[in-house]
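Notes follow the structure.
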Amino acid sequence: MLTYWQKRFRTGVLTERPEFDERMKVLRKRLKKGIAKHFAGSLAIRMVDSGSCNACEAECNALSNPYYDLERLGIRFVASPRHADVMLLSGVLTFNMLPHVLDAWEQIPEPKWCITLGDCPVMEAPFTRTFAIEAPAAEHLPITHHIPGCPPSPDRIIEGLLEFLEKLDTVKS
Amino acid sequence: MNESKKRLIARYAVDRGEDFELITRFDDGTIRERVSKEDPRAASIMPRYPAAIWFERKIRDDFGIRFEGAFDQRPLLHHERWPRDLHPMRRDFDVHTVLELSDYRPYRYEAIGGDGVFEVAVGPIHAGIIEPGHFQFSQAGEDMLHQEVRHFYKYRGIEKMLEGKTLAEAAPVVARISGNESVAAQIALARIAEAAAGEEAETGIAARRALLLESERLAHHWTDLGFIPNDAGFAAALAYASARAEEVRRWMAELTGHRFAFDAIASKPRPWNPDQILRRIAGMREAIDWFENWIVGIPSLWDRMDTTGILPRSDALRYGCVGVVARASGVALDVRASEALYTHNGFAIQSEESGDVAARFKVRIAELRHSLELMERFVPLCSEAPFVFTEKGEGAFESFVESSLGELYLAVEMEEGRIRRFFFRDPSFVNWQALHRMMPGNIIADFPLINKSCDLSYAGNDL
């Protein structure tokens, strides 16, 4: 473990993309403010994959890597829907997942919001609708906000969450 | 254990109008049988080849073919609320059919009975940012007696979706079957197109593809090298390895314009700077050396990984396992070993013998380092020649690619330049079936660790 701390002290804090870091700084400030205002400083997200290719999940996981470190902004991905404020829904909402997605949504206490992530839940990914696909998700759930992309990159997801918070200034659950 | 037994790669059916054709692909050839439509029945090979269980259950759901002698007749893709007697892969089934939820028919999980034995149901939605799937455990206290994997929650009907499309039209869908192995799937499709046109990729194109395929492997192996220790409670490894995975994603974006290289194989190569890539590869070689040197010195981590989740070599062979799962159990199986580009550039199969979590972890470290060596040799060979899908093609074609998850098998039948049957065997489709062999003798708290060490895909498996 000593090796690790030696490396940690020798490396220090790195700034690799100044323009990106600047943008993140501004975003972070606004995000923190929005989360403080609407969610008492902590926004809990239950991510539900309803039939994605796993790239959206990989990008959400990337939000926790040291480059983005989302948790410092007060955003947490939670295990139980009962602890969540927001359901973040990815994937094409398959016939086999539909009952489980609706179940998870029901378990989230009010007030709650659903955000769709990536092109799949709005049927803008290259998949054409088949018997096994139930998307667009808006036919089954009230969607407050959509974050487009295939998949949306981690910085795009952060921006999308910010847009959602700004929307809350005008729309209520 | 008879080791000379052949390996089952895939078993699937095709609707021929008059009757069905049942196709079984072994490593030494293909067997074709006719199955009548009036009375669709065939002989099961489940008792000899355990990985045939899911293949045959899938065929039954897709076509309504019954297997005689099959000890497992439960539905696979068709969950509790599926309409009865509906077989979507038959030619007369319309892909746009809107399904109505039928009455609830409970699924009978495999369970072990006995005094004090209880079941634990996990999923389909898991704690964390993961794909959906269901695991059913039979427990005696903390000890796992048995575990059943139940999947196909993400079943999107991709095989049917692609019928009637040209290869170029299918390409964006194929790139998104599974984000874990997008490059591999794209290469598999490109090889189908080349086989249909009677051509072979020139070295420059093949080298550029291989460079992207190895980049994808780097991203995945780094992610696993972080998540495996994280599941054993050692979060520092995840912080380090996830940052390296992020760096690989950014190279891929520089090389292809996309962090996962979606649609990259079929698009015009972007201008790139080989020297910069070589510098990054050199930097990453230092990173993996440092990581290995650090991680081998964490005894509490190895205490969790050593002897945990052992897959004996005999089971790996019996189930026809592929990828890191097979190689960590001493099975020297890698598609790259049969490709000239790789063998001419010093490719060597990386394997371990012990078949436990530690072995899979060590194989990933060795492969990551070896991929970097190979990439250094591929960089000067790459050309910027574009690849274009031809509209030609008549007949049946197949391709194999070694994705980061293992051997990917794609078989496509073409008719007048359009897809007649699309069959995709994800490497995880066989590996998932062997997962339960790793559980007995382990405690349930080690399940996430064992599962992560195998890094299996749900999306590619479910299609």
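Order of the sequence lines fixes the chain letters, A, B, ..., with proteins taken first and strands second; residue numbering starts at 1 for each chain. Below, all heavy atoms of this structure are taken into account, side chains as well, without hydrogens, waters or symmetry copies.
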* **Least distance between heavy atoms, B:Glu100 atom then A:Phe95 atom** => O-CZ, 4.1 Å
Rounded at 0.5 Å granularity, tell me how far [atom1] in [X] sits from [atom2] in [Y].
X: A:Ser52; Y: B:Tyr458; atom1: OG; atom2: OH; value: 12.0 Å
X: A:Met47; Y: B:Ile125; atom1: CE; atom2: CD1; value: 11.0 Å
X: B:Ile129; Y: A:Cys56; atom1: CD1; atom2: SG; value: 11.5 Å

* Is B:Arg74 atom CZ crowded by more than 12 heavy atoms from other residues, nucleotides or ligands, each under 6.0 Å away? -> yes
Which atoms of [X] approach chain A - backbone, side chain, both or neither, heavy atom under 4.5 Å:
X: B:Tyr155; value: both
X: B:Val95; value: both
X: B:Ile295; value: neither
X: B:Tyr240; value: side chain
X: B:Trp290; value: side chain
X: B:Pro83; value: side chain
X: B:Arg259; value: side chain

* Would you check, one step at a time, whether the test side-chain contact (heavy atoms from CB on, under 4.5 Å) holds for A:Asp49 with B:Ile130? => CA-CA 7 Å; A:Asp49 167 3; B:Ile130 338 174; over 6 Å; no
* Give a yes or no on whether the ring-centroid distance for B:Tyr153 and A:His100 is below 6.0 angstrom. => yes
* **Aromatic ring proximity, centroids under 6.0 angstrom, A:Phe131 and B:Phe93** => yes
Any donor-acceptor pair under 3.5 Å from [X] side chain to [Y] backbone:
X: A:Asn96; Y: B:Leu77; answer: yes
X: B:His258; Y: A:Cys150; answer: yes
X: B:Lys154; Y: A:Thr94; answer: no
X: A:Thr130; Y: B:Arg156; answer: yes

* To do: Sort A:Pro151 into side chain, backbone, both or neither according to what part of it lies under 4.5 angstrom from a heavy atom of chain B.
  => both
* Asked: If you count heavy-atom pairs under 4.5 Å with chain A, which of B:His78, B:Glu247, B:Lys160 comes out on top?
  -> B:Glu247
* Top residue by heavy-atom pair count (under 4.5 Å) with chain A, among B:Pro132, B:Ala239, B:Ala219, B:Ser242? -> B:Pro132
* Asked: Can you list the steps and then say if B:His96 with A:Thr128 is a side-chain contact (heavy atoms from CB on, under 4.5 Å)?
  -> CA-CA 9 Å; B:His96 299 297; A:Thr128 46; 5.5 Å; no
* Structure fact -> Contact list (residues 169-182 of chain B to chain A, heavy-atom gap under 4.5 Å, by number) returns B:Pro172, B:Val173, B:Arg176, B:Ile177, B:Ser178, B:Gly179, B:Asn180
* Below 4.0 angstrom, N of the basic side chain to O of the carboxylate: do B:Arg249 and A:Glu59 qualify? -> no
* Go through A:Leu98 and B:Arg81 one step at a time and tell me if the side-chain contact (heavy atoms from CB on, under 4.5 Å) criterion holds. => CA-CA 10 Å; A:Leu98 180 61; B:Arg81 306 290 304 272; over 6 Å; no
* **Steps toward side-chain contact (heavy atoms from CB on, under 4.5 Å) verdict (A:Phe127, B:Ile158)** => CA-CA 8 Å; A:Phe127 301 109; B:Ile158 284 177; 3.8 Å; yes
* Of all residues at least two apart in sequence or in a different chain, which pass the side chain to side chain donor-acceptor pair (under 3.5 Å) check with A:Arg72? -> none
